[in-house]
Novice: 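Take a look at this one; I'll ask things after.
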Amino acid sequence: MAAAAAMAEQESARNGARNRGGVQRVEGKLRASVEKGDYYEAHQMYRTLFFRYMSQSKPAEARELMCSGALLFFSHGQQNSASDLSMLVLESLEKAEVEVADELLESLAKLFSLMDPNSPERVAFVSRALKWSSGGSGKLGHPRLHQLLALTLWKEQNYCESRYHFLHSSDGEGCANMLVEYATSRGFRSEVDMFVAQAVLQYVPFAVPPWLAWPPGARGWPLSRALSGLSRTFLCLKNKSSASVVFTTYTQKHPSIENGPPFVQPLLNFIWFLLLAVDGGKLTVFTVLCEQYQPSLRRDPMYNEYLDRIGQLFFGVPPKQTSSYGGLLGDTRRQNCWSHRSSV
């Protein structure tokens, strides 16, 4: 029996070697066609081979060939063909129900980084990739993929989309470093505290979709819209540990922030006290904190929305209750508007 098992294993290894060799030979011919400029013919042949491999239950071979083909087309500036093969890479992962692995996430992130930032294909690709990486859990995608996407978008100086993906990763330090660059290059000196405050408050209760935080004309708008269906299903990040890392790293590295706590900026002191209060979970502490820092909290109307959610998550406040602390947090009309908008 052991001998038979060994023979079967050897035969499987030989078949695998033959398959890899076959893929490499086909890939060589296709590469030659691309190098000659026969882009259309090569693209159609890639597609034909993809469906042939899939029909033969060879998704790994199909994926390998499509990925290498996409990279080849990208290197020749053939965005449409490259993006199409990138979508076929995702199709092979979906149909074969391949489990998420770091190597695959890095491969998808590489394809994403080579796509035209303004192309609709990139929007479709990232939305589909995140859905696959969630493994059917209904979450917003794998944290590692979000981190890789955030790093690419950061390099492109697409800070608002980068921040969105950092919020769904576990890379608090990377998020803070990006925010420092964002604040120093795009913000006013008077806003130094607001950049980190908004990020920390979103880390703690939920990640507000970027299309609520930035106008339609802002860069990255199409990608945000594509992610809208996913974000509505995952309102609560409740990621206090990452929020603390973001706050500590940002306040230590931003050149305009003096060593603290305490800080010169009252809003930074509020965030520092809030992170401590979350650990204690006492509503009275939370309420007094919000009362004392109302002048700072009025600087951005969205702070009240974040704090409403924080009260529910960490201090036992029932949803849509305003009598216990709503007056302290501000405009009830805005809270009702938010509740209506969230239910649509």
Novice: Y250 and L151: same hydrophobic cluster, using ILVMFWY side-chain contacts below 4.5 Å?
Specialist: yes
Novice: Can you list the residues that meet the side chain to side chain contact (heavy atoms under 4.5 Å, CB included) rule with S244, with sequence neighbours excluded?
Specialist: K240, L275
Novice: Determine, step by step, whether F273 and L268 satisfy the side-chain contact (heavy atoms from CB on, under 4.5 Å) criterion, reporting the C-alpha distance in whole Å, the side-chain angles of both residues, the deciding distance to 0.1 Å, and the verdict.
Specialist: CA-CA 9 Å; F273 284 126; L268 294 181; over 6 Å; no
Novice: For L105 and S133, work out which heavy atoms get closest and say how close.
Specialist: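 L105 and S133 have their closest heavy atoms at CD2-CB, 4.0 Å.
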Novice: With sequence neighbours excluded, what pairs up with S242 under the side chain to side chain contact (heavy atoms under 4.5 Å, CB included) test?
Specialist: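 By the side chain to side chain contact (heavy atoms under 4.5 Å, CB included) rule, S242 matches Y203, N239.
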Novice: What pairs meet the side-chain hydrogen bond (donor to acceptor under 3.5 Å, both in side chains) rule with one or both residues in residues 254-269, with sequence neighbours excluded?
Specialist: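 Counting only pairs at least two positions apart or across chains, the side-chain hydrogen bond (donor to acceptor under 3.5 Å, both in side chains) contacts touching residues 254-269 are R189-S256.
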Novice: Do L283 and L276 sit in one hydrophobic cluster, given that two such residues count as connected whenever their side-chain heavy atoms are within less than 4.5 Å of each other, even indirectly?
Specialist: yes
Novice: Show me the side-chain donor-acceptor pairs of residues 29-41 shorter than 3.5 Å, one per line, residues at least two apart or across chains.
Specialist:
{"residue": "S33", "atom": "OG", "partner": "K29", "partner atom": "O", "Å": "3.4"}
{"residue": "E35", "atom": "OE1", "partner": "H76", "partner atom": "NE2", "Å": "3.3"}

Novice: What pairs meet the salt bridge (charged side-chain N to carboxylate O under 4.0 Å, His left out) rule with one or both residues in residues 259-270, with sequence neighbours excluded?
Specialist: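 For residues 259-270: none.
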Novice: For R299, enumerate each residue passing the salt bridge (Lys or Arg N to Asp or Glu O under 4.0 Å) test, keeping only those at least two apart in sequence or located in another chain.
Specialist: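 Residues passing salt bridge (Lys or Arg N to Asp or Glu O under 4.0 Å) with R299: D193.
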Novice: Using ring centroids (six-membered ring only for Trp), state whether F112 and F125 fall under 6.0 Å.
Specialist: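 When the ring centroids of F125 and F112 are compared, they turn out to be at least 6.0 Å apart.
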Novice: Can a salt bridge be assigned to the pair E91 and K95 using a cut-off of 4.0 Å between side-chain N and carboxylate O?
Specialist: yes
Novice: Would L90 and L85 show up in the same hydrophobic cluster when neighbours are defined by side-chain heavy atoms closer than 4.5 Å?
Specialist: yes
Novice: Check the pair L149, L130 against side-chain contact (heavy atoms from CB on, under 4.5 Å), reporting the backbone distance first and the verdict last.
Specialist: CA-CA 10 Å; L149 297 175; L130 287 170; 4.0 Å; yes
Novice: Relative to the ring of F286, is the ring of F315 parallel (under 30°), tilted (30 to 60°) or perpendicular (over 60°)?
Specialist: parallel
Novice: Before you tell me yes or no, could you show the steps for Y159 and S185 under side-chain contact (heavy atoms from CB on, under 4.5 Å), namely the whole-Å CA-CA distance, both residues' side-chain angles and the distance that decides it to 0.1 Å?
Specialist: CA-CA 11 Å; Y159 297 114; S185 63; 3.7 Å; yes
Novice: What are the two closest non-hydrogen atoms of T152 and A109, and how far apart are they?
Specialist: OG1-O, 4.5 Å
Novice: Between C290 and L297, what is the shortest heavy-atom contact and its length?
Specialist: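 Here C290 and L297 meet closest at O-CD1, 3.9 Å.
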Novice: Looking only at side-chain N and O atoms, does H168 offer a donor or acceptor that is under 3.5 Å from a partner on H146?
Specialist: no
Novice: Under 3.5 Å, is there a donor-acceptor pair between the S81 and H43 side chains?
Specialist: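 Yes, H43 and S81 have a side-chain donor paired with an acceptor closer than 3.5 Å.
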Novice: Taking a hydrophobic cluster as the set of Ile, Leu, Val, Met, Phe, Trp and Tyr residues connected by side-chain heavy atoms closer than 4.5 Å, whether directly or through intermediates, do M194 and Y306 fall within one such cluster?
Specialist: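 Same hydrophobic cluster.
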Novice: So if you build clusters from Ile, Leu, Val, Met, Phe, Trp, Tyr with side-chain heavy-atom gaps below 4.5 Å, do V98 and L111 land together?
Specialist: yes
Novice: Could you list all the salt bridge (charged side-chain N to carboxylate O under 4.0 Å, His left out) pairs where at least one residue sits in residues 101-117, not counting sequence neighbours?
Specialist: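 Qualifying pairs, neighbours excluded: E106-R144.
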Novice: Do L93 and L108 have side chains that get closer than 4.5 Å, going by heavy atoms?
Specialist: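 Yes, side chains in contact.
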Novice: The criterion is ring-ring contact (aromatic ring centres under 6.0 Å, His included); which residues satisfy it with F263, sequence neighbours excluded?
Specialist: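 So F263 forms a ring-ring contact (aromatic ring centres under 6.0 Å, His included) with F247.
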Novice: Can you list the residues that meet the side chain to side chain contact (heavy atoms under 4.5 Å, CB included) rule with V285, with sequence neighbours excluded?
Specialist: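 For V285 the side chain to side chain contact (heavy atoms under 4.5 Å, CB included) partners, ignoring immediate neighbours, are A277, K282.
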Novice: For R47, which residues count as a salt bridge (Lys or Arg N to Asp or Glu O under 4.0 Å) partner, sequence neighbours excluded?
Specialist: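 Per chain and number, R47 pairs via salt bridge (Lys or Arg N to Asp or Glu O under 4.0 Å) with D84.
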Novice: Between L179 and A199, which heavy-atom pair has the shortest distance, and what is it?
Specialist: CD1-CB, 3.6 Å
Novice: Ignoring hydrogens, what is the shortest heavy-atom contact between S113 and E156? Give both atom names and the distance.
Specialist: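 Between these two residues, the closest heavy atoms are O-OE2, 4.3 Å.
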Novice: Test L140 against S134 for side-chain contact (heavy atoms from CB on, under 4.5 Å), laying out the working first.
Specialist: CA-CA 6 Å; L140 276 173; S134 68; over 6 Å; no
Novice: With sequence neighbours excluded, what pairs up with E94 under the side-chain hydrogen bond (donor to acceptor under 3.5 Å, both in side chains) test?
Specialist: R128
Novice: Under a 4.5 Å cut-off applied to non-hydrogen side-chain atoms, are H142 and W132 in contact?
Specialist: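 The answer is no, as the side chains (C-beta and beyond) never meet within the 4.5 Å cut-off.
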Novice: Would you call the rings of Y182 and F195 parallel, tilted or perpendicular, taking 30° and 60° as the class edges?
Specialist: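 Geometry flag for F195 against Y182: perpendicular rings.
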Novice: Listed by chain and number, what are the side chain to side chain contact (heavy atoms under 4.5 Å, CB included) partners of S92, not counting sequence neighbours?
Specialist: F50, M54, R63
